[in-house]
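As structure tokens, the structure follows; a few thoughts come after it.
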Amino acid sequence: MGSNSVDNHTFSITTPLYYVNDLPHIGSAYTTIAADVIARFQRLKGVPVLMITGTDEHGQKIQRTAEAREKSPQAHCDEIVLGFQSLWQRLNIAYDRFIRTTAPRHQAIVAEFFQRVWDRGDIYEGHQQGWYCVSCEEFKEERDLLPEQRCPIHSNKAVEWRDEQNYFFKLSKYQSQLEQFYADQPDFIQPLSRRNEVLSFVSQGLQDFSISRVNLDWGFPMPTDPNHTLYVWFDALLGYVTALLDPADEPTLDNALQKWWPIQTHLIGKDILRFHAVYWPAMLMSAGLPLPGRVFGHGFLTKDGQKMGKSLGNTLDPVDLVERYGADAVRYYFLKEIEFGRDGDFSETRFINVLNADLANDLGNLLNRTLNMAGRYCQGQVPDVMGDDIPADYDLKSKGAILATTVEAAYEALAFSQACEAVLGLVRSCNKFLDEKAPWSLYKQGQQAETERVLYAVLESVRLAAYLLSPIVPGLAIAIYSQLGLAADFNDRAIGQTLPYSVHSRWGYLPASQALGKAEPIFQRIERASE
RNA sequence: GGCUCAGUAGCUCAGUGGUAGAGCAGGGGACUCAUAAGCCCUUGGUCGCGUGUUCAAAUCACGCCUGAGCCA
């Protein structure tokens, strides 16, 4: 039993519901990996976790893309969804819910939520005309357009003139409530620079936004006026609520909100910050619901210092990447090498350098060399030593003793790079320690006891490193535990019970005298392809 | 035009008033348990530019330059 079992609090986290206009790109993979790591760390601590991802499938853009492919919108969505799900599987993403906004039960949730907002008097009919970008599903200000009425974001497509009756949500009504909320919850929007952006935006005055479209078939009809279709964001954001339903639940708001609401963390790319940090809380206020804990907008990825884009022809295909290098490698690179929140770059050279240096050389080889020695000097068993027997002046012991505290703080702050750095610090100390103690010489000199203490201290440090890195590289962690003779499935949702954090995050756990596994490289060095 | 964030070694970044740091990459060395891996040493920076405050500034203030982004 986990003695650290927490006061019945739960943890729910979302990725964006990805738009199924196309197959997943590396940015979606980046967000999803990060969310998975956060979820895995909470599970490790024994907290009940619900990790939500999914797809946003409505809107004119989808309708047109499907038409262009000569498929029905639903058939198109079904196909793209498979692409997302298969990528998440390859990347070892342990999500708990995959919500599709085309799900029938989602319609029920949207209708009920809409009714609450309607009853609150926050929806009214208005008139809207202007230039409309179908790709953005948004009206654009004329001054923002490029020459020839082109959308600045989708510069290859002309915007369309629209003149229509729409329904609006009274966002303006919530300006002061929102500002109060941001002041009361300074950590609601992260990182800080994103928060500043939002505060500045809101302080300029909020305008109501439209939540319906006419001339759009692919979406939910507005309950109070079936000639209108609900605008994608109103529909999509509510996917987070629908996702909370247990499969057997009747699709009602009460059921959905019972266990996991409010969401603790919405993880998003910085491009959709406004919807999550402004529109969404206002909608929830209108419906009288508690607000989420935080919205974290991470940065964008570049490739070799350049923006990625289809038009530039320099996209990075996540499927290709994971097929070539494996899930752990991809997960590790993006979280270790990019400071979460800032923009970051992918370059193949750096990718190979980082993985070889950290996972193959420092960590992988450390385990390998130590296991070999244990095989030779200790009959292939964990030395008959307990953590308490290790002299206090072994700095691995003192470093190991405080590592979990440091790493935990880093994970909680979503500072994955720091978490990796801290663990790597212990790993590097191990390599240095081995060279200083030179157990191969100790053994030859007949100093059996000291040899065993040294090897135990290193094996235990590697175990701890694996445990603390397991949210990021679950496959490696499993391999390391296995070679240490410990059965552990870090993909198990109940990991917090089977390998309790209070026990495994502490240096000194490794049981003495058990049989070690066979020493095999856990992470192959990547040979640089000759150009 | 207004605002935000960033600008420190080839690369990625720490350092927020008291004599410039880490990892990676590059160069050299000793060792051998190991996935030529780890260990040791080392090259490399007038901390974007300028002015000011201070006994003292990468660190504070003001101005400017460059990059990323927000202003529906």
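The chains referred to below are lettered A, B, ... by the order of the sequence lines, with proteins before strands, and numbering in each begins at 1. Keep in mind that the numbers below use all heavy atoms, side chains included, and drop hydrogens, waters and symmetry copies.
Spacing between atom OH of Y332(A) and atom P of C24(B) amounts to 11 Å, rounded to whole angstrom units. Rounded to an integer number of Å, the gap from CG of N431(A) to P of C39(B) is 5 Å. Straight-line distance from the CZ atom of R376(A) to the C1' atom of C33(B): 6 Å, rounded to whole Å. Distance CG (D343(A)) to P (U12(B)): 13 Å, rounded to an integer number of Å.
Every pair passing salt bridge (charged side-chain N to carboxylate O under 4.0 Å, His left out) that includes a residue from residues 458-468 of chain A is listed here, sequence neighbours excluded: E460(A)-R463(A). Within the structure, the salt bridge (charged side-chain N to carboxylate O under 4.0 Å, His left out) test picks out no pair touching residues 292-306 of chain A (sequence neighbours left out).
A56(B) and G18(B) have their P atoms separated by 14 Å, with the value rounded to a whole Å. Going from the P atom of G63(B) to that of G2(B) covers 11 Å, rounded to whole Å. To the nearest whole angstrom, the two C1' atoms, one in U66(B) and one in C41(B), are 38 Å apart. Taking the C1' atoms as reference points, U46(B) lies 15 Å from U19(B), given to the whole Å. Taking the C1' atom of each, A30(B) and A22(B) are spaced 24 Å apart, rounded to whole Å. Rounded to whole Å, the P atom of U16(B) lies 25 Å from the corresponding atom of U51(B). Nucleotides G15(B) and G23(B) place their C1' atoms 15 Å apart, quoted to the nearest Å.
Using a 4.0 Å heavy-atom criterion, one finds that E339(A) contacts the sugar-phosphate atoms exclusively. At the heavy-atom level, L206(A) lies under 4.0 Å from base atoms of the strands shown. If you check every strand for non-hydrogen atoms under 4.0 Å, F300(A) touches nothing. Contacts of Q204(A) with the nucleic acid, taken as non-hydrogen atoms under 4.0 Å apart, involve only primed sugar atoms and P, OP1 or OP2. Contact annotation for L367(A): no contact, since no heavy-atom pair falls under 4.0 Å across all strands. Within 4.0 Å (heavy atoms only), R428(A) reaches sugar-phosphate atoms of the nucleic acid but no base atom. Among the protein residues, D362(A) comes within range of the sugar-phosphate backbone only, with heavy atoms under 4.0 Å from sugar or phosphate atoms but none that close to a base.
Between F209(A) and I522(A), it is I522(A) whose nearest contact on RNA chain B lies nearer the 5' terminus. Looking at which nucleotide of RNA chain B each of N372(A) and R274(A) is closest to, the 5′-most match is held by N372(A).
Partners of T15(A) by side-chain hydrogen bond (donor to acceptor under 3.5 Å, both in side chains), not counting sequence neighbours, listed by chain and number: T53(A). Checked against side-chain hydrogen bond (donor to acceptor under 3.5 Å, both in side chains), D235(A) has the following partners two or more places apart in sequence or in another chain: H58(A), H106(A).
Ranking G38(B), U35(B), A68(B) by closeness to the K270(A) side chain, first place goes to A68(B). Residue M373(A) has its side chain nearest to C33(B) when only G69(B), C33(B), G38(B) are considered. The listed nucleotides are A14(B), C39(B), G69(B); the one nearest the side chain of K307(A) is G69(B).
A close approach under 4.0 Å does occur between a side-chain nitrogen or oxygen of K432(A) and OP1 or OP2 of C40(B). For U32(B), neither phosphate oxygen OP1 nor OP2 lies less than 4.0 angstrom from any side-chain nitrogen or oxygen of K444(A). Residue N361(A) has a polar side-chain atom (N or O) positioned under 4.0 Å from OP1 or OP2 of G38(B).
Using a 4.0 Å cut-off between charged side-chain N and carboxylate O, D343(A) and K270(A) make a salt bridge.
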Restricting to nitrogen or oxygen on both sides, can you table the protein-nucleotides 4-11 of chain B pairs closer than 3.5 Å?
from, atom 1, to, atom 2, distance (Å)
U4(B), O3', N196(A), ND2, 3.3

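Counted by atom type alone, D56(A) and Y18(A) present zero donor-acceptor pairs between their side chains at under 3.5 Å.
Remark: K336(A) is not positioned above the aromatic ring of F416(A), lacking an NZ or CZ atom under 6.0 angstrom from the ring centre and at most 45 degrees off the axis.
The aromatic rings of Y443(A) and Y377(A) sit parallel to each other, their planes meeting at less than 30°, with 60° as the upper class boundary.
With hydrogens and angles ignored, no donor-acceptor pair closer than 3.5 Å exists between the side chain of N365(A) and the base of G38(B).
Listed for the D389(A) side chain is a donor-acceptor partner under 3.5 Å among the backbone atoms of M386(A).
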Fill in the blank from the handout: Its dot-bracket string being built from Watson-Crick and G-U pairs below 3.5 Å, with | for another strand and [ ] for crossing, RNA chain B has the pattern ((((((((.[[[[.)..(..]]]].((((.........)))).....[[[[[..)....]]]]]))))))).

